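Structure first, then comments.
Since the model is a prediction, treat every value here as computed from it, not as a measurement.
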Amino acid sequence: MGCAGSSQSKADGAVKKIRKPKPWKHPQPITKTQLMQLRDEFWDTAPHYGGRKEIWDALRAAAEADLTLAQAIVDSAGVIIQSSDLTVCYDERGAKYELPKYVLSEPTNLIRDS
């Protein structure tokens, strides 16, 4: 039992479904190449923020997959989704994983590389 705002456990069968992040805008327009560089830098340094490498690897795979595959990845890795857009997740030990929007979707002011 619990209130609507309480987090669910897998035992009650209510697993939070992943959805696409809301549209967002980068402070300055950036190119696809710059966005990919930002993402690579984040994923290269993410394990240093704490948590387990295998969870970071699963989150990266989920962030780069379509929604159905992403759901399967986080479910099989035992990731607990706090925010359905994957910006805040936890592992089964309670470690927190925060993902910036730029690793989950493209900004609305993305400049297409020519």
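- R19 meets the salt bridge (charged side-chain N to carboxylate O under 4.0 Å, His left out) test with no other residue; sequence neighbours excluded.
- Between the CG atom in D75 and the NZ atom in K17 there is a gap of 6.5 Å [rounded to 0.5 Å].
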Kindly indicate, with the supporting measurements, whether the criterion side-chain contact (heavy atoms from CB on, under 4.5 Å) is fulfilled by I81 and V74. CA-CA 8 Å; I81 303 166; V74 295; 3.7 Å; yes
Decide yes or no on side-chain contact (heavy atoms from CB on, under 4.5 Å) for L35 and L110, but give the supporting numbers first. CA-CA 8 Å; L35 179 64; L110 184 72; 4.1 Å; yes
Criterion side-chain contact (heavy atoms from CB on, under 4.5 Å) on I55 and R52, from CA distance to verdict: CA-CA 5 Å; I55 299 295; R52 298 183 357 237; 4.0 Å; yes
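- Counting only N and O atoms by type, the side chains of T108 and W24 include no donor and acceptor under 3.5 Å apart.
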Show me the donor-acceptor pairs, under 3.5 Å and distance only, between side chains in residues 57-70 and residues at least two apart or in other chains.
{"from": "D57", "atom 1": "OD1", "to": "K53", "atom 2": "NZ", "distance (Å)": "3.1"}
{"from": "D57", "atom 1": "OD2", "to": "K53", "atom 2": "NZ", "distance (Å)": "3.0"}
{"from": "R60", "atom 1": "NE", "to": "E64", "atom 2": "OE2", "distance (Å)": "3.0"}
{"from": "R60", "atom 1": "NH2", "to": "D40", "atom 2": "OD1", "distance (Å)": "3.4"}
{"from": "D66", "atom 1": "OD1", "to": "T68", "atom 2": "N", "distance (Å)": "3.1"}
{"from": "D66", "atom 1": "OD1", "to": "L69", "atom 2": "N", "distance (Å)": "2.9"}

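- Scanning all heavy atoms of the two residues, the minimum distance from K16 to Q71 falls at O-NE2, 3.4 Å.
- Under the salt bridge (Lys or Arg N to Asp or Glu O under 4.0 Å) criterion, no residue pair touches residues 78-90, with sequence neighbours excluded.
- Legend: ring pair (Phe, Tyr, Trp, His ring centres under 6.0 Å) pairs involving residues 59-97, not counting sequence neighbours, sorted by first then second residue: W56-Y97.
- Of all the heavy atoms in Q34 and P29, the pair that sits closest is OE1-O, 4.4 Å.
- By the criterion of side-chain heavy atoms lying less than 4.5 angstrom apart, applied directly or through intervening Ile, Leu, Val, Met, Phe, Trp or Tyr residues, I30 is grouped together with L104 in one hydrophobic cluster.
- Qualifying side chain to side chain donor-acceptor pair (under 3.5 Å) partners for E106, counting only residues two or more places apart in sequence or in other chains: K32, R112.
- Every residue meeting the side chain to side chain donor-acceptor pair (under 3.5 Å) condition with T33, not counting sequence neighbours, appears here in chain and number order: D113.
- Contacts classified as ring pair (Phe, Tyr, Trp, His ring centres under 6.0 Å) and involving residues 69-89 (residues at least two apart or in different chains) are not found.
- Of the inter-residue distances, the one linking T87 atom OG1 with E98 atom CD reads 8.0 Å to the nearest 0.5 angstrom.
- Contact record, L86 with L99: O-CD1, 3.3 Å, taken as the closest heavy-atom pair.
- In this structure, Y102 has no ring pair (Phe, Tyr, Trp, His ring centres under 6.0 Å) partners at least two apart in sequence or on a different chain.
- Considering every non-hydrogen atom in both L38 and H26, the closest pair reads CD1-NE2, 3.9 Å.
- For residues 41-50, there are no salt bridge (Lys or Arg N to Asp or Glu O under 4.0 Å) pairs, not counting sequence neighbours.
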